[in-house]
Asker: 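Dumping the structure here so I can ask a few things about it.
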Amino acid sequence: MNSDQLSARLATVAKYVPKGARMADIGSDHAYLPCFLMKNGHILFAIAGEVAKGPFQSAERNVSTQGLSANIAVRLGDGLDVINPDEVDCITIAGMGGSLITEILERGKEKLHSVKRLVLQPNINAIVIRKWFLENSWELVAEEIIEEDGKIYEILVAERGNPKRPYGQNLEADLLFGPYLVRFQPEAFKKKWTAEKKNWLRIYNMLEQASETEETIEKKQELLTKIRLAEEVLSDEDS
């Protein structure tokens with residue numbers, strides 16, 4: 001992967017960045033995503049933000065080598081600290097856990113006033129992001145799930161709007177599995193949740209052998225709920 005050829009994961013994130021956007025890519029690593037978009041004339045300006053010095057220096061080198069320093073600002077800082085108010089209208093965050101992504105958004109809320117679109121790719125725990133959208137008036141407008149090199153990734157896209165619009169009657173299932181993904185259930189979706197269900201059953205069976213405490217009872221109930229939801233969702237597609 002490089003600035004000319006993105007991974008399938010980053011290419012999926014890239015296609016949801018609006019044409020003509022002024023974007024901030026948080027946790028940009030080598031700044032491949034903003035460099036690719038700039039070289040293809042897709043964006044006007046980008047900030048490549050990095051909290052760690054090594055990746056920050058890699059991003060600086062890559063942006064400079066590509067001759068893009070006038071259009072891509074590489075900044076060292078934590079989360080949305082690298083953005084000035086009203087500086088960008090699209091934010092991408094890819095390759096982190098869902099909880100960390102929502103922490104970044106929550107801490108930097110005052111930087112989101114000018115932002116029209118969020119494109120987020122959590123490695124795990126996408127449900128936390130969907131809940132954050134609901135609580136903060138962001139409407140989930142698109143979702144994708146892809147498999148690359150044996151790993152499965154979800155991409156969530158949100159804009160200002162009605163946060164309840166995408167969700168049906170079974171909010172619990174929609175938050176866990178994704179309201180758009182549940183509807184279409186591509187192959188990567190089925191693979192992910194079939195494996196997750198198997199893992200939840202394995203953990204549940206282990207807890208059945210453990211001494212019964214308030215904590216184990218609560219955990220078993222949580223697992224049973226998830227297993228039931230997965231069975232319902234996956235069987236809906238089969239029927």
Asker: Any side-chain heavy atom of Leu80 within less than 4.5 Å of one from Leu112?
Answerer: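 A side-chain contact exists here, since the closest heavy-atom pair is under 4.5 Å.
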Asker: Under the 3.5 angstrom rule, does the side chain of Asn125 hit a backbone N or O of Val128 as a donor-acceptor pair?
Answerer: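 Checked: no pair found.
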Asker: With a 3.5 Å cut-off and no angle check, do the side chains of Glu144 and Tyr16 form a donor-acceptor pair?
Answerer: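 The answer is yes; a qualifying pair exists.
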Asker: Is there a salt bridge (charged side-chain N to carboxylate O under 4.0 Å, His left out) between Glu222 and Lys219 once you walk through the steps?
Answerer: CA-CA 5 Å; Glu222 179 192 325; Lys219 184 64 179 174; 3.6 Å; yes
Asker: For Ile104 and Met96: C-alpha separation, side-chain torsions, deciding distance, then whether side chain to side chain contact (heavy atoms under 4.5 Å, CB included) applies.
Answerer: CA-CA 11 Å; Ile104 288 169; Met96 303 181 197; 3.6 Å; yes
Asker: Which heavy atom of Leu181 sits nearest to which heavy atom of Glu143, and what is that distance?
Answerer: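 The answer is N-OE1, 3.2 Å.
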Asker: Please report the shortest heavy-atom distance between Ile43 and Val17, naming the atom on each side.
Answerer: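 Closest approach of Ile43 to Val17: CG2-CG1, 3.8 Å.
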Asker: Taking the six-membered ring for Trp, are Phe177 and Trp193 parallel (under 30°), tilted (30 to 60°) or perpendicular (over 60°)?
Answerer: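 Plane angle over 60°, so perpendicular.
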Asker: Looking at Lys109, I'd like to know if its NZ atom is crowded, meaning that more than 12 non-hydrogen atoms belonging to other residues, nucleotides or ligands lie closer than 6.0 Å.
Answerer: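 Enclosed.
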Asker: Provide the full list of salt bridge (charged side-chain N to carboxylate O under 4.0 Å, His left out) pairs with a residue in residues 16-39, sequence neighbours left out, each pair given once.
Answerer: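 Pairs touching residues 16-39 that pass the test: Asp4-Lys39.
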Asker: Can you tell me how far the CG atom of Leu33 sits from the OG1 atom of Thr92, to the nearest 0.5 Å?
Answerer: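 Going from the CG atom of Leu33 to the OG1 atom of Thr92 covers 5.0 Å.
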Asker: Under the 3.5 angstrom rule, does the side chain of Ser64 hit a backbone N or O of Glu60 as a donor-acceptor pair?
Answerer: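 Looks like no, no N/O pair under 3.5 Å.
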Asker: Salt-bridged, Arg130 to Glu154, with N to O below 4.0 Å?
Answerer: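 Salt bridge flag = yes for Glu154 with Arg130.
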Asker: Hey, does the side chain of Thr102 reach the backbone of Ser99 with a donor-acceptor pair shorter than 3.5 angstrom?
Answerer: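 Pair found, side chain donor or acceptor close to backbone of Ser99.
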Asker: Using distance only, find each side-chain donor-acceptor pair of residues 201-210 under 3.5 Å and give its atom names and separation, not counting sequence neighbours.
Answerer:
{"unit_1": "Arg202", "atom_1": "NE", "unit_2": "Asn199", "atom_2": "OD1", "d": "3.2"}
{"unit_1": "Arg202", "atom_1": "NH2", "unit_2": "Asn199", "atom_2": "OD1", "d": "2.6"}
{"unit_1": "Asn205", "atom_1": "ND2", "unit_2": "Leu201", "atom_2": "O", "d": "3.2"}
{"unit_1": "Glu208", "atom_1": "OE1", "unit_2": "Lys220", "atom_2": "NZ", "d": "2.9"}

Asker: Should the heavy atoms of other residues, nucleotides or ligands under 6.0 Å from CD of Glu214 be counted, would the total exceed 12?
Answerer: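 Atom CD in Glu214 is not crowded, with 12 or fewer foreign heavy atoms closer than 6.0 Å.
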Asker: Tell me the closest heavy-atom pair linking Ile83 and Ala24, and the distance in Å.
Answerer: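 Heavy atoms only, the tightest pair is CD1-CB, 3.6 Å.
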Asker: Taking 4.0 angstrom as the limit, do Glu135 and Lys131 come out as a salt bridge?
Answerer: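 A salt bridge is absent here (no side-chain N lies under 4.0 Å from a carboxylate O).
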Asker: Apply salt bridge (charged side-chain N to carboxylate O under 4.0 Å, His left out) to residues Asp78 and Arg107 and explain how you reach the verdict.
Answerer: CA-CA 10 Å; Asp78 190 3; Arg107 282 201 318 267; 3.1 Å; yes
Asker: Any idea which heavy atoms bring Gly168 and Asp174 closest together, and the distance?
Answerer: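 For Gly168 and Asp174, the tightest heavy-atom pair comes out as N-OD2, 2.8 Å.
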Asker: Which is it for Tyr153 and Thr12 under the side chain to side chain contact (heavy atoms under 4.5 Å, CB included) test, yes or no, and what are the steps along the way?
Answerer: CA-CA 10 Å; Tyr153 303 103; Thr12 307; over 6 Å; no
Asker: With no hydrogens and no angle check, is any side-chain donor or acceptor of Asn40 less than 3.5 Å from a backbone partner on His42?
Answerer: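 Here the side-chain-to-backbone pair does not exist.
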Asker: Is the side chain of Glu147 donor-acceptor paired with the backbone N or O of Ala188 at a distance under 3.5 Å, no angle test?
Answerer: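 Judged by distance alone, no pair lies under 3.5 Å.
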Asker: Please determine whether a side-chain nitrogen of the Lys or Arg among Lys226 and Glu172 lies less than 4.0 Å from a carboxylate oxygen of the Asp or Glu.
Answerer: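 Looking at Lys226 and Glu172, the cut-off is not met.
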Asker: Applying side chain to side chain contact (heavy atoms under 4.5 Å, CB included), run through Asn62 and Cys35 and close with a yes or a no.
Answerer: CA-CA 8 Å; Asn62 193 36; Cys35 285; 3.9 Å; yes
Asker: Please report the C-alpha distance between Glu50 and Arg75 in whole Å, then the side-chain angles of each, then the deciding distance to 0.1 Å, and finally whether the salt bridge (charged side-chain N to carboxylate O under 4.0 Å, His left out) criterion is met.
Answerer: CA-CA 6 Å; Glu50 253 304 335; Arg75 297 178 186 169; over 6 Å; no
Asker: Apply the test side chain to side chain contact (heavy atoms under 4.5 Å, CB included) to residues Glu187 and Lys190: give CA-CA distance (whole Å), side-chain angles for both, the deciding distance (0.1 Å), then the verdict.
Answerer: CA-CA 5 Å; Glu187 203 52 49; Lys190 295 175 194 170; 4.1 Å; yes
Asker: Checking the side chain of Gln121 only, and the main-chain atoms of Gly95 only, is there a donor and an acceptor separated by less than 3.5 Å?
Answerer: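 Answer holds: yes.
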Asker: Salt bridge between Glu148 and Lys151, side-chain N to carboxylate O under 4.0 Å?
Answerer: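 No salt bridge links Glu148 with Lys151.
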Asker: Do you know the tightest heavy-atom contact between Ile47 and Val88?
Answerer: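 In terms of heavy atoms, the two residues are closest at CD1-CG1, 3.8 Å.
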Asker: Start with the C-alpha gap between Lys111 and Glu87, add the side-chain angles, then the distance that decides, and say whether salt bridge (charged side-chain N to carboxylate O under 4.0 Å, His left out) holds.
Answerer: CA-CA 9 Å; Lys111 304 289 181 69; Glu87 195 172 23; over 6 Å; no
Asker: Could you check if a side-chain atom of Val119 sits within less than 4.5 angstrom of a side-chain atom of Cys90, using non-hydrogen atoms only?
Answerer: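 Side chain of Val119 against side chain of Cys90, heavy atoms only: contact under 4.5 Å found.
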Asker: Compare every heavy atom of Leu134 with every heavy atom of Pro163, then report the nearest pair and how far apart it is.
Answerer: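 Smallest interatomic distance, heavy atoms only, reads O-CD2, 3.3 Å.
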Asker: Quick check: does any side chain N or O of Tyr180 sit under 3.5 Å from a backbone N or O of Leu140, one acting as donor and the other as acceptor?
Answerer: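 Checking the backbone N and O of Leu140 against the side chain of Tyr180, a donor-acceptor pair under 3.5 Å is found.
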